[in-house]
There are 2 protein chains.
Amino acid sequence: MRADASRNREALLRAARRLLEEVGAEELSMDALAAAAGLGKGTVFRRFGSRAGVFVALLDESERTFQQAVLSGPPPLGPGADPVERLEAFGRHRLRFLAERGDLLRAAAADLDRTGGAPAAFTRLHLQVLLRAAGVRGDLEVLAFDLLAVLEAPLNHYVRGAPGLSPQRLADGWADLVHRVARP
Amino acid sequence: MRADASRNREALLRAARRLLEEVGAEELSMDALAAAAGLGKGTVFRRFGSRAGVFVALLDESERTFQQAVLSGPPPLGPGADPVERLEAFGRHRLRFLAERGDLLRAAAADLDRTGGAPAAFTRLHLQVLLRAAGVRGDLEVLAFDLLAVLEAPLNHYVRGAPGLSPQRLADGWADLVHRVARP
DNA sequence: AGCAGAAGCGGACTACAGTCCGCATCGTGT
DNA sequence: ACACGATGCGGACTGTAGTCCGCTTCTGCT
């Protein structure tokens with residue numbers, strides 16, 4: 001990438017973060033972003049491909065940090081703890097992240113092709129590995145897919161129909177579910 | 001509703017069904033729908049509120065039929081069978097419906113307020129009732145929410161990242177999950 | 001330094017969802 | 001039968017995501 005291009009990319013991300021605080025993810029328009037960065041709209045799309053791509057880029061660092069913590073951080077999230085405990089910790093962290101950055105994640109979710117799918121793939125694979133390590137038998141690929149769906153559920157809109165479900169209850173529910181699934 | 005209005009409503013639904021076959025849900029635009037029905041665009045929005053509302057209306061009959069089958073049809077979907085068997089049957093039916101009408105459901109999902117949320121609420125409640133009947137202990141509201149998420153998962157886009165998961169495997173995975181959860 | 005081609009840029013343009021409001025049509029009460 | 005308020009209608013208008021292409025700027029090479 002050319003030097004000016006990467007400077008522009010940074011300028012766009014900076015502008016995006018600022019707008020995000022000012023108006024929120026929902027209201028962030030690409031025209032506004034381009035204008036705020038003092039650039040043309042074409043440039044925004046060249047850099048990020050789509051509106052969702054902007055949010056994926058903004059989330060990138062957090063995702064990377066999370067993956068690092070999972071792969072080589074301290075237990076129980078990282079390696080070393082009992083697999084079922086790691087499953088529980090993984091879900092609790094993920095749900096907390098969703099509660100904090102749900103707006104960004106929702107805005108990024110529309111992106112099918114770019115990195116939007118990668119975190120989900122990572123999560124699914126990790127769940128599968130932990131299930132296997134926990135000695136769970138069965139079609140672990142599908143089971144991991146199902147558990148991923150549970151973790152992503154709070155992102156989806158039908159949550160609005162269940163306003164009584166606090167993050168705390170969801171997290172405890174996750175722990176309960178994991179223990180049920182992993183029961184010998 | 002005035003007679004002409006309800007005639008127009010039917011004309012719109014007929015046109016929508018035709019366009020659906022011709023171009024698919026994804027490509028169905030509101031301008032095209034209005035034109036195909038020989039009506040103005042404003043009329044479409046007056047009748048259905050939003051693009052998603054059109055799809056909700058198209059799904060309405062199927063949803064009603066499904067709910068009837070659940071509430072008063074023959075077992076194991078309807079009442080009379082063992083609750084765990086009913087859970088299993090419920091999920092299998094729902095997943096099959098998703099596989100068949102996924103495009104419509106996805107297009108209808110954007111609707112938060114209208115009937116879009118109602119089928120989810122019905123499903124969640126029904127799952128909760130069956131879990132209780134099966135003697136499952138714990139926070140059944142959250143557990144039902146989680147199981148709903150599993151059933152809705154195939155709608156979400158990240159499915160594309162898991163192309164190997166056939167409807168058959170998903171359905172068997174559901175049955176497996178339900179039995180794990182309901183184990184005494 | 002200067003050149004050539006690659007990479008990048010901007011903003012006009014398209015397509016689409018959703019809004020708005022002046023005009024037309026309906027149907028009810030008399 | 002008619003009048004008049006309520007209901008509905010159309011299509012121009014707005015705001016936004018995403019595309020396109022002629023022009024500009026960079027950069028590696030000589």
Side-chain angles (χ1 to χ4, degrees), chain A residues 1-16 19-20 22-58 103-116 157, chain B residues 1-16 19-20 22-58 103-116 157:
Chain A
M1 196 190 301
R2 247 162 60 172
D4 54 344
S6 100
R7 239 180 296 126
N8 285 342
R9 187 190 160 86
E10 290 313 312
L12 283 166
L13 288 176
R14 239 179 295 125
L19 285 178
L20 218 51
E22 281 174 17
V23 305
E26 198 91 1
E27 313 301 330
L28 195 161
S29 87
M30 300 306 263
D31 286 295
L33 174 55
L39 293 168
K41 194 178 181 179
T43 306
V44 182
F45 281 89
R46 167 177 315 280
R47 288 292 136 241
F48 301 107
S50 70
R51 186 184 135 87
V54 175
F55 295 98
V56 169
L58 286 171
D103 53 341
L104 282 198
L105 283 162
R106 212 173 296 122
D111 207 340
L112 316 165
D113 313 317
R114 288 168 71 93
T115 15
H157 296 304
Chain B
M1 194 189 303
R2 247 162 57 171
D4 54 343
S6 103
R7 240 180 295 126
N8 285 341
R9 185 190 160 88
E10 290 312 312
L12 283 166
L13 288 175
R14 239 179 297 124
L19 286 177
L20 218 49
E22 282 175 17
V23 306
E26 198 90 2
E27 315 300 330
L28 196 162
S29 86
M30 301 304 264
D31 286 296
L33 174 56
L39 294 168
K41 194 178 180 179
T43 306
V44 183
F45 281 89
R46 166 177 317 278
R47 287 292 137 243
F48 302 107
S50 71
R51 187 184 135 89
V54 174
F55 295 98
V56 170
L58 286 171
D103 52 340
L104 283 199
L105 283 162
R106 212 174 295 124
D111 208 341
L112 315 165
D113 313 315
R114 289 169 69 94
T115 14
H157 297 304

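We name chains A, B, ... by the order of the sequence lines, and we start the count at 1 in each one.
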Least distance between heavy atoms, [X] atom then [Y] atom:
X: B:Ala16; Y: B:Leu28; result: O-CD1, 3.9 Å
X: B:Phe45; Y: B:Arg51; result: CE2-N, 4.3 Å
X: B:Arg47; Y: B:Ala5; result: NH2-CB, 3.1 Å
X: B:Ala37; Y: B:Ala11; result: CB-O, 4.2 Å
X: B:Leu33; Y: B:Leu19; result: CA-CD1, 3.7 Å
X: B:Arg9; Y: B:Ala57; result: NH2-CB, 4.0 Å

> Where along residues 30-40 of chain B does a heavy atom come under 4.0 Å from DNA chain D, residue by residue in number order?
Replying inline: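 Within this stretch, B:Leu39, B:Gly40 sit under 4.0 Å of the strand.
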
Would you kindly give the [atom1]-to-[atom2] distance between [X] and [N], to the nearest whole Å?
X: A:Arg9; N: C:dA7; atom1: CZ; atom2: C1'; result: 16 Å
X: B:Arg51; N: C:dA15; atom1: CZ; atom2: P; result: 16 Å
X: B:Glu26; N: C:dA15; atom1: CD; atom2: P; result: 18 Å

> How would nucleotides 25-30 of chain C be written as a contact map, 5' to 3', with B for base contact, S for sugar-phosphate-only contact and - for no contact, using protein heavy atoms under 4.0 Å?
Replying inline: BSS---

> chain A on DNA chain D: first and last contacting nucleotide, 5' to 3', under 4.0 Å to a heavy atom?
Replying inline: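 Listing 5' to 3', DNA chain D meets chain A from D:dA17 to D:dT27.
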
> Who are the side-chain hydrogen bond (donor to acceptor under 3.5 Å, both in side chains) partners of A:Arg2, not counting sequence neighbours?
Replying inline: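 For A:Arg2 the side-chain hydrogen bond (donor to acceptor under 3.5 Å, both in side chains) partners, ignoring immediate neighbours, are A:Asp4.
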
>> According to side-chain hydrogen bond (donor to acceptor under 3.5 Å, both in side chains), who are the partners of A:Glu10, at least two apart in sequence or on a separate chain?
In response: none

> Heavy atoms under 4.0 Å, any strand shown: does A:Arg46 hit a base, just sugar-phosphate, or nothing?
Replying inline: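 Result for A:Arg46 = base.
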
> For B:Arg14, what residues pass the salt bridge (charged side-chain N to carboxylate O under 4.0 Å, His left out) criterion, not counting sequence neighbours?
Replying inline: none

> Can you name the salt bridge (charged side-chain N to carboxylate O under 4.0 Å, His left out) partners of B:Asp31, sequence neighbours left out?
Replying inline: B:Lys41

>> Let me check the geometry of the helix from C:dA1-D:dT30 to C:dT30-D:dA1. What is the bend angle between the axes at its two ends, five pairs each, to 10°?
In response: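 If I round to tens, the end axes sit 0° apart.
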
> The side chain of B:Ser29 lies closest to which of these nucleotides: C:dA17, C:dG8, C:dG10?
Replying inline: C:dA17

> side chain to side chain contact (heavy atoms under 4.5 Å, CB included) between A:Leu20 and A:Leu104: does it pass, once the steps are laid out?
Replying inline: CA-CA 9 Å; A:Leu20 218 51; A:Leu104 282 198; 3.4 Å; yes

>> How long is the straight-line distance from OG1 of A:Thr43 back to CG of A:Asn8, given to the nearest 0.5 Å?
In response: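 With rounding to 0.5 Å, CG (A:Asn8) is 6.5 Å from OG1 (A:Thr43).
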
